[in-house]
Visitor: 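Sending over a structure as structure tokens; questions will come in a sec.
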2 protein chains.
Amino acid sequence: MPTLRDVAKLAGVHQSIVSRVLNDDKKTSVKEETRRRVLEAAEALGYWPNALARGLKLKSVGSLALVIPDISNPVYAEIIRGAEQEARRSGHFLLLASTEGTDPGELEFLQSLLEGRVDGVILANALVEDAVIDDLEAGRYPYVLVNRRSQRASRYVVADDAAGAMLAVNYLIDRGHRRIGHLAGPPTADTALTRKYGYRQAIEAAGIAFHEDLVIEGSYSTDSGRVGIRRLLSLKDPPTAVFAANLRVAAGAMDAARRTGTRIPEDLSVVAMHDTELAELLSPGLTTVRLPLEGLGREAVRMLLRVARGEPGPEQVVLLGAELVERESVSPI
Amino acid sequence: MPTLRDVAKLAGVHQSIVSRVLNDDKKTSVKEETRRRVLEAAEALGYWPNALARGLKLKSVGSLALVIPDISNPVYAEIIRGAEQEARRSGHFLLLASTEGTDPGELEFLQSLLEGRVDGVILANALVEDAVIDDLEAGRYPYVLVNRRSQRASRYVVADDAAGAMLAVNYLIDRGHRRIGHLAGPPTADTALTRKYGYRQAIEAAGIAFHEDLVIEGSYSTDSGRVGIRRLLSLKDPPTAVFAANLRVAAGAMDAARRTGTRIPEDLSVVAMHDTELAELLSPGLTTVRLPLEGLGREAVRMLLRVARGEPGPEQVVLLGAELVERESVSPI
DNA sequence: TTGAAAGCGGTACCAG
DNA sequence: CTGGTACCGCTTTCAA
């Protein structure tokens, strides 16, 4: 690997000149002829600056970390895509770290990530422990939470999950449903709580009594959907429609329902949060609520960059814009 | 951020001692009492070594890059998971870079990645241009291709796509199918070519005539599956079964087939390459061939680490172990 | 307009 | 067993 000195030698100038030319430093001027020679030499050697040395000096490496819990979840894929784009746009690399179940010991993990390797961290991990957040706050590390609120975290960007949930439930209500179940996510996840809240708001706003037993809490997994729907369908007075807290849950629920002979949408209408490829591949195509997930990733990067640069800006962002995507999983009653 | 010198000062020793203690250097010994003091000081300050400074000196940063074309593809998710695990096991970070359509200018991209930021690169990008590979070879950069063969690349790790395809097709043949279509992937993808080859091998080995018009080439997308299946079904003598080159293609095909009134598996049997969550969520559940994708990721990391360390080892690895996963998308004829 | 030199935060070699 | 020092490759201030 050629270094600055190599280029300098070939161009017959001092390395500091090379540095100035290559970074095209406005503060000092370089003779046109010299600049040309330097550029040529750099080109000839295929010179590329060493990011480590640069970062060491400048105390900024030009990369950000995005920590997610699980790569195979398409929800994260969208957040990642948005973050990637924005990072690239601003000349940064995105270092993706998936905790993939290896969730504990995260602190050490973050430490080694932060110590020079990246300029800041975005935590898309729905399950970060409060201790981790406290530590980040204490260390004054540049970080932002995405898709998760927290009392202790000063910065986060989230979607309007409550509005999304209400959109879904109102859609069902508008079609005449009164007994509407909710397959909720894990009570440990902020998004799950918020969606459940939205569900309840919509129900009560329509003057329908809220029934605790129509809400089944589980995890964000297909199996959870399967288990949940069985419980709902075995109720003496089962719901005519369900709102699933995410797509996987809905998929599991549809699968399990079908296996017990329940037809969708004739016997049971289904609406789910999140709209990914899967929604249209299921049959019947699933009616969903689309949240601006890519936007979440984008905003998180923007906010992080602001924090890292010490610039002012909003500390909490709620991205509006939930949208209903109609397919064939709902029938009027 | 405390530095080595800070720790040294607090412990009342020289920084070089601190370095030795913290890296627990076997070559020089340190008095037990001193060691304790150093450890305490480091703990008290919350010291963590700066990865950049370390990397600059050691010419190795402890991170690897994995370049993929598209995060939302679950096939890559599995490769990523395997790579992550192996990287972590060996104390490395995995820097994930998704080209996400931004495919050109890859060279520059790789350059800036390689220049110090990572110790090597794994290219899971099925569409890397040969020029890129030539350049990597020329630059003697540590790199490995995964899930793609190449004449010009000296190192790659792939699955046994041909055997997998044969497994799928033979399964259909065993159940009495003779007219078997193939929804192939893009001719630019090595995996697609290999699977097509496997398909043909299986067909001919069974003494069935190979019909060019039963093979539809497309891309690895759901839409391609939709288009392809329509063409196959509109043949004067349509196939009774199809082998889809990947799961997305199969999902699209099933969707389109169903919409034209074709029942699966009664009218048309379907087998697809790859087994992800989607396969069991579709209805009917899709019979698939599972390739050792996680293993691919793992092996790629191992190989890359060997290359980076200049150790000897195999240059091409073909990971065996395709496996048929039976569900409900095939009926005997 | 250019050159010299210091220093970012470590590691490792050599001397004591 | 411990301290001093050079250096990894770059940026930047100060002098010439």
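Protein chains get the first letters and strands the later ones, always in sequence-line order, with residue 1 at the start of each.
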Visitor: Contact boundaries of DNA chain D with chain A (under 4.0 Å, heavy atoms), 5' to 3'?
Guide: D:dG9 to D:dT13
Visitor: Just the rounded figure in Å: distance from P of C:dG16 to CD1 of B:I17.
Guide: 17 Å
Visitor: Do A:E40 and A:E43 have side-chain heavy atoms sitting under 4.5 Å apart?
Guide: no
Visitor: Regarding A:L52, tell me which of base, sugar-phosphate or nothing describes its non-hydrogen contacts under 4.0 Å with the strands shown.
Guide: nothing
Visitor: What is the distance, rounded to the nearest whole Å, between atom CG of A:L56 and atom P of C:dA6?
Guide: 17 Å
Visitor: Can a side chain N or O of A:K59 be found less than 4.0 Å away from OP1 or OP2 on C:dG9?
Guide: yes
Visitor: Using a heavy-atom cut-off of 4.0 Å across all strands, would you classify A:S29 as base, sugar-phosphate, or nothing?
Guide: base
Visitor: If I take atom CG in residue A:L4 and atom P in nucleotide C:dA4, what distance separates them, rounded to the nearest angstrom?
Guide: 14 Å
Visitor: Between A:S154 and A:E137, does any side-chain donor sit less than 3.5 Å from a side-chain acceptor?
Guide: yes
Visitor: Counting only side-chain nitrogens and oxygens, does A:T34 get under 4.0 Å of the OP1 or OP2 atom of C:dT2?
Guide: yes
Visitor: Which side-chain hydrogen bond (donor to acceptor under 3.5 Å, both in side chains) pairs, counting each pair once, include a residue from residues 49-60 of chain A, with sequence neighbours left out?
Guide: A:N23-A:R54, A:S60-A:D119
Visitor: Rounded to the nearest 0.5 Å, what separates atom CD1 in B:I122 from atom CG in B:L95?
Guide: 11.5 Å
Visitor: Between atom NZ in B:K27 and atom C1' in C:dC14, what is the gap in whole Å?
Guide: 14 Å
Visitor: Please report, rounded to the nearest Å, how far the P atom of C:dA5 is from the NE2 atom of A:H14.
Guide: 8 Å
Visitor: If you find the nucleotide of DNA chain D closest to B:L58 and the one closest to B:V13, which residue's nucleotide is nearer the 5' end?
Guide: B:V13
Visitor: Using whole Å, report how far CH2 of B:W48 lies from P of C:dG9.
Guide: 18 Å
Visitor: Heavy-atom nearest nucleotide on DNA chain C for A:V30 versus A:Q15: which residue maps closer to 5'?
Guide: A:V30
Visitor: Got B:P74 and B:Y76 here, is their nearest side-chain heavy-atom distance under 4.5 Å?
Guide: no
Visitor: Any chance you could measure B:L319, atom CG, to B:L291, atom CG, to the nearest 0.5 Å?
Guide: 9.0 Å
Visitor: Between atom CG in B:L22 and atom C1' in C:dG9, what is the gap in whole Å?
Guide: 13 Å
Visitor: To the nearest 0.5 angstrom, please state how far the CD1 atom of A:I133 sits from the CZ atom of A:R152.
Guide: 7.5 Å
Visitor: Between B:A53 and B:G12, name the one whose nearest nucleotide on DNA chain D is closer to the 5' end.
Guide: B:G12
Visitor: If you measure only the distance, is there a donor-acceptor pair under 3.5 Å linking the side chains of B:S63 and B:R117?
Guide: no
Visitor: So what does B:S16 touch, heavy atoms closer than 4.0 Å: a base, only the sugar-phosphate, or nothing?
Guide: base
Visitor: Look at B:N23 and C:dT11 and indicate whether a side-chain polar atom (N or O) is within less than 4.0 Å of OP1 or OP2.
Guide: yes
Visitor: What is the nucleic acid contact for B:K57, judged by heavy atoms within less than 4.0 Å: base, sugar-phosphate only, or nothing?
Guide: base
Visitor: Quick check on DNA chain C: between B:N50 and B:R20, whose nearest nucleotide comes earlier from the 5' end?
Guide: B:N50
